[in-house]
Amino acid sequence: MAGAVEQEATFLTDLGRRVRHARTVRGLSRKLLSQTSGLSERYIAQLEGGQGNVSIILLRRVANAMGVRLDDLIAGNDVTPDWQVMRDLVAQAAPEQIAAAKALLAGGALGAGNAPKPRVAVVGLRGAGKSTLGRMVAERLGWTFVELNAEIERENALSVKEIFAIYGQEGYRRLEQAALRRLTEHPGPLILATSGGIVAEPLTYDLLLQAFFTVWLKARPEEHMQRVRNQDNLVRTGDHATAMQELRAVLASREPLYARASAVVDTSDVPVETMVDRLAAVIESRFGALAERRSA
């Protein structure tokens, strides 16, 4: 019995860690999550601290007694028996098998052809310079520049703020993925500035990595904070230390995801002109004559 209790304690600890990571990588404070979920900050803190509601433990015991997975009991009605088979097959598959399955499910066209498609996406935390540098480099190369949030707003005739208010985070991410899929069909050279949190949505981010040459614009936390303040986009909480702590936590949780990008451009402690040169050089090294010819 003692062993079972220890397993349940470990389960709650792991659950709390996953909840905390999911919240942080999406840039949500406990206060904001409390407001949007209708749960108290205290409960969220307890959940993240490994002290979740005992009901989840009881449900886990029921699942274990029947020899089924907990997620099979809480999945929606749209989950088919084939999904359970696919899940178990993926768990046993080799990396190359998973890559082939992903390409097939994505339509098989994203990686088609020998020559790389002239599509670049810049990712990074807010204040990385995605919009500013992306636009400047696109002008230098003669490429099209698109800001993903602006495209979402244009397609839905709503501001991002209105989309969140009406549809919530889940609705926004659904619209974001739909807009990104349409942009994968863009006929000419393109530089795309993404939202900072796009990396938190596995399917959307994987689509981005497959369809675009992805560049992480990296900077120190202090520079991110200062740039956002300069843009007057930072909500004034009156507590700089807390805001800085939250920014560091978000960056730390997202760094392994940003690091999946094909290239990194460091924008710390250099003038804008140098940032532009560095990003343009990375693109030119990838697309060679096409980028050089257009920038001439």
Side-chain angles (χ1 to χ4, degrees), residues 8-60 70-71 73-76 123-128 130 148-149 152-153 156 158-178 180 194-206 208 221 224-225 228-229 231-258:
E8 290 174 353
T10 300
F11 172 79
L12 287 177
T13 299
D14 291 342
L15 175 63
R17 186 184 67 252
R18 290 193 296 271
V19 170
R20 183 170 61 253
H21 179 267
R23 174 180 62 79
T24 306
V25 79
R26 285 163 174 78
L28 297 174
S29 65
R30 281 181 183 162
K31 182 177 182 179
L32 183 56
L33 180 57
S34 171
Q35 292 171 347
T36 55
S37 67
L39 301 172
S40 70
E41 287 187 63
R42 179 182 178 184
Y43 175 78
I44 294 172
Q46 289 175 334
L47 180 62
E48 293 183 354
Q51 300 171 17
N53 193 303
V54 69
S55 295
I56 189 69
I57 289 296
L58 300 180
L59 184 59
R60 182 173 181 265
L70 179 60
D71 52 329
L73 299 183
I74 60 178
V123 300
L125 201 62
R126 187 171 54 158
K130 301 185 294 293
L148 186 54
N149 271 347
I152 295 169
E153 291 179 333
N156 297 279
L158 292 168
S159 69
V160 168
K161 185 176 181 180
E162 289 170 332
I163 290 172
F164 270 96
I166 297 171
Y167 301 110
Q169 175 116 328
E170 182 180 356
Y172 167 78
R173 294 305 175 191
R174 185 176 65 252
L175 296 176
E176 178 183 54
Q177 185 180 131
L180 180 62
T194 65
S195 67
I198 196 171
V199 298
E201 304 306 316
L203 185 58
T204 304
Y205 190 38
D206 195 70
L208 187 78
H224 281 294
M225 179 66 75
V228 172
R229 286 193 181 279
Q231 297 166 4
D232 199 29
N233 287 335
L234 185 67
V235 176
R236 302 288 180 172
T237 63
D239 188 348
H240 175 79
T242 299
M244 195 67 211
Q245 183 180 9
E246 291 180 353
L247 186 146
R248 289 181 184 278
V250 171
L251 183 58
S253 66
R254 289 181 183 173
E255 274 191 339
L257 300 171
Y258 289 140

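This structure is a prediction, so every number in the text was calculated from the model and none was measured.
- Separation of atoms OH (Tyr205) and CZ (Arg254) is listed at 11.0 Å; rounding is to 0.5 Å.
- Closest approach of Glu246 and Ser29 over heavy atoms only: OE2-CB, 3.9 Å.
- In this structure, Leu158 and Phe164 have side chains that are not in contact, with every pair of non-hydrogen atoms separated by 4.5 Å or more.
- Side chain of Glu153 to main chain of Val160: a donor-acceptor pair is present (N/O by atom type, distance under 3.5 Å, no hydrogens or angles).
- In this structure, the side chains of Arg248 and Leu251 stay at 4.5 Å or more apart for every pair of heavy atoms.
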**Study point:** Full working for side-chain contact (heavy atoms from CB on, under 4.5 Å) between Arg30 and Leu33
**Key:** CA-CA 5 Å; Arg30 281 181 183 162; Leu33 180 57; 5.6 Å; no
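- Each of Arg20, Arg17, Arg23 was compared with Glu48 under the salt bridge (charged side-chain N to carboxylate O under 4.0 Å, His left out) criterion, and only Arg23 meets it.
- The CG atom of Asn149 lies 14.5 Å from the NZ atom of Lys161; values are rounded to the nearest 0.5 Å.
- Heavy atoms from other residues, nucleotides or ligands lying under 6.0 Å from OH of Tyr167 number 12 at most.
- Put simply, the side chain of Arg26 gets close to the backbone of Ala200: a donor and an acceptor are under 3.5 Å apart.
- Residues Ile44 and Ser37 approach most closely at CD1-OG, 4.2 Å, considering heavy atoms.
- Residues Ser253 and Thr24 come closest through the heavy atom pair OG-CG2, 3.5 Å.
- Salt-bridge formation is not detected for the pair Arg173/Glu170: no Lys NZ or Arg NE/NH1/NH2 atom is positioned less than 4.0 Å from an Asp or Glu carboxylate oxygen.
- For the pair Thr13 (side chain) and Ala9 (backbone), a donor-acceptor distance under 3.5 Å is present.
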Exercise for review: Would you check, one step at a time, whether the test side-chain contact (heavy atoms from CB on, under 4.5 Å) holds for Leu12 with Ile56?
Suggested key: CA-CA 9 Å; Leu12 287 177; Ile56 189 69; 3.7 Å; yes
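- Distance CD1/Ile152 to CD/Gln177: 11.0 Å, rounded to 0.5 Å.
- Formation of a donor-acceptor pair under 3.5 Å by the Tyr43 side chain with backbone atoms of Ser34 is not found in this model.
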Check your understanding: Can you check side-chain contact (heavy atoms from CB on, under 4.5 Å) on Val199 and Thr194, steps first, answer last?
Key -> CA-CA 9 Å; Val199 298; Thr194 65; over 6 Å; no
Practice item. With side chain to side chain donor-acceptor pair (under 3.5 Å) as the test, would you mind laying out the steps for Glu176 and Thr204 before giving the verdict? Key: CA-CA 8 Å; Glu176 178 183 54; Thr204 304; 4.8 Å; no
Check your understanding: Step by step, would you call Val123 with Leu257 a side-chain contact (heavy atoms from CB on, under 4.5 Å)?
Key -> CA-CA 10 Å; Val123 300; Leu257 300 171; over 6 Å; no
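- Heavy atoms only, all atoms of each residue included: Gly196 and Tyr258 are closest at O-OH, 2.7 Å.
- Side chains of Gln169 and Thr36: no donor on one and acceptor on the other come within 3.5 Å.
- No donor-acceptor distance shorter than 3.5 angstrom exists from the side chain of Asp206 to the backbone of Pro202, with no hydrogens or angles considered.
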